[in-house]
Amino acid sequence: MNINLNQYQVWMITGSQHLYGEETLKSVAKHAKEIASGLNSSPHIPVDFNYKALVTTPGEIYQVLQQANQDDRCVGVVVWMHTFSPAKMWIAGLKNFKKPLAHLHTQYNTEIPWSEIDMDFMNENQSAHGGREFGFMASRLRKQRKVIVGHWQEKSLQEKLGKWTRVAVGWHELQRTKVARIGDNMREVAVTEGDKVEAQMRFGFSVNGYGLGDVAKFVGAVTDAEINQLIQVYEQEYTFEQVTPKDESIKEAARIELGLRAFLQDGGFTAFTDTFENLYGLRQLPGIAVQRLMAEGYGFGAEGDWKTAALLRAVKVMDVGLEGGTSFMEDYTYDFNPNGARVLGSHMLEICPTIANNKPRCEVHPLGIGGKEDPARLVFDVDGGPAINASLIDMGNRFRLLVNEVEAVSPENELPKLPVARVLWEAKPNLTIAAHTWILAGGAHHTVFSKALDTSFFEDLAEIAEIELLVIDNETKVRDFKQAIQWNEVYYHLFQNKM
Ligand code: MN
């Protein structure tokens, strides 16, 4: 699965009006093109950033925004008011616009040319009040949009815009994501459940169930030649100490990987779940298979966790080309260290090797639960550094996206008896407050763990999806957090029918 962010377009539309005459409109268009091409060549903006139009009438505005709705390459629109664009002209266009919208509040000019400035200059460089007129109309329409303020050549502005374009691509992808829920979920588990119809209405992704027989059919069709070829890849990419690549269990793991990938490709799925309680027809719980599929860009959730699978798929699209990596994760065990309590995150097997600090080791060990043969898995540690844990939960009347900022801690100890990939982190502001507020928010034990994305990506995503966002970071206080939950309860009760 090759994800190329440059195949997606963001359109820049510049608002103006006819009051200024042809000459001014010409230089407005020239400046807009220059800004768009500057942003397009920015290393911080991964998509194809396109100057699309200068609009001066309600009809033009409506038309170009409709075109953006319909163009499959266009993932979002950035508007910029170089001059004053009376905003009643934007009502019809904005009301009917369905894709992510960003309002770039910038100005062509950098500093004021103090000795030269005259009224012509003033009339050409009116973003300062033109942007406010647009802002009023968007707010009056209750139109969700990202506002980005600063000079367009500043690195910090380009970084903000670049992150938003990544989220717009992630959102675009979510509209097409098909999640295969293989074997339903772990029985009696609550948090992996939810309203799949509401999720599809809200986020665009669909979730459908498949029997293990559907996968086993593809696993059974895998040839020995294909298996031998994949084992050569394993030998190149991983170290083998505890087992040899020739072991029967490794061959079986490779067969499962090839079969599972063929099943996903055949159905056009980009995310999936499985469960150790329902593996009929498979000899092992997929371990290395799931790990490698995640590294390729597939979303995954264990034990039927389709919400985490879909969220992970979106993040795998957003983080293309960024340093760090992203994995499915579970808060496993606490380290109540007197110098600061920490969390050891892991799963039975399924941690993505994009976060590994070194060449992973391929190992085979018994699994305490599930009653299947010993599964192959990749074992590794993770380097220290900033990271986030994100959880998408269904609160019954709304979806909530919960983010905890954490600091991963470089491995301090050998863990010779722990045969799974793992990562140690300090939760912000500390484990006492982080776990307290996470639990009050109803956050899942499963998360998307990312060293590539920061909180702002999730803020943008929540705004585009128009869902609740709760963030646990260095500023979090338990009492304020409780109040935020109560206020949000009222807010989403009032707005729950607004799609
Ligand atoms: Mn789990």
Side-chain angles (χ1 to χ4, degrees), residues 179-194 196 207 209 212 215 256 260 271-279 282 284-295 298-313 315-316 326-335 343-355 365-372 374-380 382 387-394 400-404 406 415 418-425 427 434-435 438-439 441-450:
V179 183
R181 200 188 201 197
I182 302 165
D184 209 65
N185 76 328
M186 181 178 166
R187 288 184 275 279
E188 303 285 8
V189 175
V191 80
T192 51
E193 296 288 359
K196 301 188 195 86
V207 184
L212 263 293
V215 179
I256 292 171
L260 188 51
F272 66 103
T273 70
D274 63 12
T275 170
F276 65 87
E277 278 193 331
N278 187 350
L279 292 171
L282 298 189
Q284 303 175 7
L285 173 65
I288 191 170
V290 170
Q291 293 179 292
R292 286 171 48 80
L293 286 163
M294 271 194 277
Y298 285 93
F300 171 75
E303 291 103 44
D305 190 345
W306 53 270
K307 292 188 293 299
T308 305
L311 182 63
L312 181 56
R313 170 58 187 167
V315 172
K316 287 284 185 187
T326 301
S327 179
F328 174 74
M329 190 57 69
E330 181 166 316
D331 292 76
Y332 229 99
T333 300
Y334 289 140
D335 176 39
V343 181
L344 187 68
S346 188
H347 204 258
M348 283 191 294
L349 304 171
E350 310 93 332
I351 300 299
C352 177
T354 55
I355 61 171
H365 300 274
L367 197 63
I369 43 182
K372 290 284 171 172
D374 301 352
R377 81 288 306 272
L378 300 172
V379 182
F380 53 84
V382 177
I388 57 89
N389 274 310
S391 171
L392 179 63
I393 42 200
D394 184 344
R400 169 179 285 164
L401 185 57
L402 178 62
V403 176
N404 185 195
V406 305
L415 298 94
L418 187 70
V420 286
R422 59 278 172 143
V423 51
L424 186 65
W425 67 76
W438 187 276
I439 284 167
H445 55 287
H446 287 164
T447 58
V448 168
F449 173 89
S450 181

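Counting convention: from 1, in listed order, for ligands and their atoms alike. By convention here, the first residue in the shown sequence is residue 1.
- Heavy-atom minimum distance, Asp394 versus Gly194: OD2-CA, 3.3 Å.
- Formation of a donor-acceptor pair under 3.5 Å by the Ser327 side chain with backbone atoms of Cys352 is found in this model.
- Counting just the N/O/S atoms of Glu330, the one with the shortest distance to the Mn ion (ligand 1) is named OE1.
- Taking backbone and side chain together, His446 holds an N, O or S atom under 2.8 Å from the Mn ion (ligand 1).
- Looking only at its N/O/S atoms, Glu303 has OE1 as the one nearest to the Mn ion (ligand 1).
- Trp306 places a side-chain N or O within 3.5 Å of a backbone atom of Thr192 that can act as its donor or acceptor partner.
- With hydrogens and angles ignored, the 3.5 Å screen pairs a side-chain donor or acceptor of Trp438 with a backbone N or O of Ala444.
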